[in-house]
Each structure stands twice: as structure tokens, then as C-alpha cells.
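Note that the structure is a prediction, hence the values are computed from the model and not measured. All ligand and atom numbering here is 1-based and tracks the order in the structure.
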Amino acid sequence: MTRVFSGMQPTGDVHLGNLLGALQRWVHDQHTTDAIHCVVDLHALTVPQDPAALRDATLRLSQMFLAVGLDPDVCTVFVQSHVAEHSGLAWLMECTASIGELQRMTQFKDKGGRASFVSGGLLTYPALMAADILLYDTDEVPVGDDQRQHVELARDLAERFNSRYGPTFTVPRATFPKAGARVMDLQDPTSKMSKSAATASGTILVLDEPKVVERKIKRAVTDTESEVRFDVAAKPGVSNLLSILGGATGRTPEEAAAGYTQYGPLKADTAAAVVALLEPIQARFRELEADPAETQRLLAVGAAKARGTAAATLARAREHIGLLDA
Ligand code: AMP
Ligand code: TRP
């Protein structure tokens, strides 16, 4: 079976873009692939974090993974820092990457250029991400476009290590969601819905109450025409609603457009579809939230499963690179 690995940082609240663009696909694909999904808390440390908030966000994102339907009996769900091999292999990856390669990453240039404090980890972050991926003999990494360059680097590092020290790692490839899976900001439909959006009203959170979802969608920016059709360039707002309606009901945006002649009913149906999608997720999240010990238990099981593969890969890499047996 194809081994799939993906990670998500425990920073900010999970929104509809994360759900329709990433989590829903992970849930769907867990049955046909050998999937590993990781809450990458070590990656969050590249920028300063409040300790209590980070701990809470890590638990909550783990609970969100479970609430959306990742089933620990079917796939592997765990927290990155619970498997020490991630940090262990990251060092070998840092020593395999060149500083020029790391400095060329556009995300480093963006984030590093803006921050007043730039940690060493912000630069070496892609080496840690390569370690995440390579530890599990990963074939496919489902990511958004912004992570394409990091997965390319993981490929390059795997190939370089293999050619220097002998066959050690599976060379992974990135896979991308299909067109229409990109959810845009409701108030600014030319930028993607994100945790760091300028307006909270442009972002639907997975834990938003039905009334809040309805209000945000009702106020979503459209255009001065009244025709309903999927045309991202000419009608970004309406197209975004169609992507959301389609994504929430398992259809393409074009299919979702059929039958609508006005924006009012489109918005009402989109809101209803999103509320129906979120309600069961919210109910499961509340149950998990009420019993953190059970989540911790499931995460321990996930970490133990992950460690089995990760330890074997790290042992292989250690041996090939010339570290003495412990
Ligand atoms: P982030 O919120 O940037 O940490 O992204 C976590 C995952 O959600 C990544 O796989 C992204 O590609 C996906 N994602 C984030 N924002 C969106 C969006 N607006 N539309 C679709 N997918 C998204
Ligand atoms: N860097 C990714 C992000 O910010 C998160 C991530 C860390 C990841 N390790 C990964 C994604 C491994 C895929 C595979 O979104």
C-alpha cells in the first residue's frame, strides 16, 4: 500500500480551508493508503510560543484530527515530539542540506524577512520536515502549494544521502488537492482562507456555531452581477461559495452551480451544507474534549506505532552515515 505522511502545525484554530483542502482528503484516503498523520509541535517552536497555549493547541489539534474522522484503528495519529527519532534524524538532515538550499526556501525568506527574532530553527525547519517524511519510507506527501518546495528539498536530501551513503531512504513525492479544493477568504476571495486572515469574518472555523457560520456566509463578498457560475477569475466570491458548497457535499463546484439563478439561495444552501458538515465534527470534538485522558491514550498508541518504523529507519541512517552503535 502507498505510504502517506502528512503533518499540520498546532498553531491557530482549524478552519474550513484546512478541512476541505486537507483533513477531508486525509480521512477519505486513510482507507486506501497506509496513512500517518502527525501534529508537528516541534515545527511550531520555530517561532516563540506561549508554553501553556502550545500544549493546549497540540491536544486540541490532535482531538480535531480524531473528530474529523481519522480513525486510530485505520491510520496512525501521533504528536511529533512524542517520537524522539524526528529530532534524531533532523540533525542528520541538517548536515545533509546546504545552508544555501535552506536560505533559498521562499517560506524562510518570507517569515525570516518579517520577524524581529529569527530562530535557527526557522532556517533548518525543512530539514526537520524532511526527517518527518523520510522516517516512514513515505511514498506520498499530500500538501498545499506552499509546501511544494519543502517536499522537493526532502526528495533532494533523500537522493543525496542515498548516493553518499548507500540506499537508505524512499524518495517521496508531493501530491496536491484537485482544483477547487482551495478555500478563499469570504471577505477577500482573492486570498486564501487562513489562520492569519485580516478579518475574522472572512474565515469559518470548524468550531464556529451554526449562527456564526450562517452570518459569515450571508455577508460573504460576491459581485454586482447576479449570475451563478464557476469562474474564479471573473467571479472569485461566487466561485468560492460554489467550491465550498461542492466541497461540503462531495461535488465539483460546477456541479454545485446547477440550478441557481440568484445569490440568496446559493448562500442559504452553502450555509446549510457547511453547518451540516460541521455539526457531527463539533459533537465528536466536544466528547473528546471532555476526556483528555482518552485522547492521551490514543496518542500514546499512535506514537508507539510510529516509533516502530521510525526507529528502524533512524538505525539504518545512523549505521550508513558512520555513527557507532550504542
Ligand atoms: P496551514 O493552516 O497553513 O497550517 O495548512 C494546513 C493544511 O491545510 C495544508 O495542507 C494546507 O494546504 C491546507 N490549507 C490551508 N489553508 C487552506 C485553504 N484556504 N484552502 C485549502 N487548503 C488549505
Ligand atoms: N511544514 C508543514 C506546514 O507548515 C507541516 C509539516 C511538517 C509537514 N512536517 C511535515 C507536512 C511533513 C507534510 C509532511 O504546513
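Those atoms of ligand 1 that come under 4.0 Å of a heavy atom in M8, given as number and element, are 6 (C), 7 (C). Every atom of ligand 1 is numbered from 1 in the order shown, and the set under 4.0 Å from a heavy atom of K195 is 1 (P), 2 (O), 4 (O). Heavy-atom contacts of V141 reach the following atoms of ligand 2: 13 (C), 14 (C) (cutoff under 4.0 Å). Listed by number with element, the atoms of ligand 1 under 4.0 angstrom from any heavy atom of G21 are 21 (C), 22 (N). Ligand 2 places these atoms under 4.0 Å from at least one heavy atom of Y125: 1 (N), 2 (C), 3 (C), 4 (O). Close approach of ligand 1 to G144 is summarised as follows: ligand atoms under 4.0 Å from at least one heavy atom of the residue are 10 (O), 12 (O). Residue V183 approaches ligand 1 through these ligand atoms, each under 4.0 Å from one of its heavy atoms: 18 (C), 19 (N), 20 (N), 21 (C). When each atom of ligand 2 is checked for a heavy atom of F5 under 4.0 Å away, the hits are 12 (C), 14 (C). If you number the atoms of ligand 1 from 1 as listed, the ones under 4.0 Å from a heavy atom of K192 come out as 19 (N). Taking every non-hydrogen atom of R182 and a distance limit under 4.0 Å, the qualifying atoms of ligand 1 come out as 20 (N), 21 (C).
Across A131 and A90, no two heavy atoms sit closer than the pair CB-N, 3.6 Å.
Not a single protein heavy atom sits closer than 4.0 Å to atom 3 (O) of ligand 1.
Considering backbone and side-chain N/O atoms, Q147 comes within less than 3.5 Å of an N/O atom of ligand 2. At under 3.5 Å, not a single nitrogen or oxygen of S6, backbone or side chain, sits near a nitrogen or oxygen of ligand 2. Every N/O-N/O distance between D146 and ligand 1 stays at or above 3.5 Å. In terms of polar-atom proximity, P142 is not counted as a contact of ligand 1, lacking any N or O under 3.5 Å from an N or O of the ligand. Looking at A22 next to ligand 1, no N or O pair under 3.5 Å apart turns up. Below 3.5 Å of separation, one finds an N or O of M193 facing an N or O of ligand 1. Residue contacts with ligand 2: Q107 is placed with no nitrogen or oxygen under 3.5 Å of a nitrogen or oxygen of the ligand (distance criterion only).
Salt bridge present: K216 and D208 bring a charged side-chain N and a carboxylate O closer than 4.0 Å. In summary, E101 and R104 do not engage in a salt bridge, as defined by a charged side-chain N under 4.0 Å from a carboxylate O. Ion pairing between a basic and an acidic side chain is recognised when a charged N comes within 4.0 Å of a carboxylate O; E294 and R297 show such pairing. A salt bridge is defined here as a Lys NZ or Arg NE, NH1 or NH2 lying under 4.0 Å from an Asp or Glu carboxylate O, and E289 with R60 meets this definition. For the pair E209 and K211, the salt-bridge criterion is not met [side-chain N within less than 4.0 Å of a carboxylate O]. Under 4.0 Å is where a charged nitrogen must lie from a carboxylate oxygen, and between R3 and E140 no such pair does.
Closest to atom 5 (C) of ligand 2 among all protein heavy atoms lies G7 O, 3.6 Å. Remark: minimum distance from atom 9 (N) of ligand 2 to any protein heavy atom is reached at D132 OD2, 2.7 Å. Atom 16 (N) of ligand 1 has H15 CE1, 3.4 Å as its closest protein atom, hydrogens excluded (heavy atom only). When hydrogens are left out, the protein atom nearest atom 6 (C) of ligand 1 is N18 ND2, 3.4 Å; that is the closest non-hydrogen contact.
Of all the heavy atoms of Q147, none lies under 4.0 Å from any atom of ligand 1, so neither backbone nor side chain is involved. No part of Q9 comes within 4.0 Å of ligand 1, judged by heavy-atom distances. With a 4.0 Å heavy-atom cut-off, ligand 2 is reached by no atom of V151.
When only modelled atom types and interatomic distance are considered, S191 and D185 share no side-chain donor-acceptor pair under 3.5 Å. D56 and T58 share no side-chain donor-acceptor pair at under 3.5 Å. With hydrogens and angles left out, the side-chain atoms of S243 and N240 include no donor and acceptor closer than 3.5 Å. Side-chain contact annotation: D34 with Y136, donor-acceptor N/O pair under 3.5 Å absent.
One option in P10, S6, G17 has a heavy atom closer to atom 18 (C) of ligand 1 than any other, and that option is G17.
From M184, atom CE reaches atom CZ of R182 across 5.0 Å, with rounding to the nearest 0.5 Å.
In this structure, W26 and H37 have parallel ring planes: the angle between them is below the 30° cut-off, well short of the 60° mark. Relative ring orientation between F5 and F78 is described as perpendicular, the plane-to-plane angle rising above 60° on a 0-90° scale split at 30° and 60°.
Looking at Q80, Q9, H86 one by one, the single match for side chain to side chain donor-acceptor pair (under 3.5 Å) with H43 turns out to be Q80.
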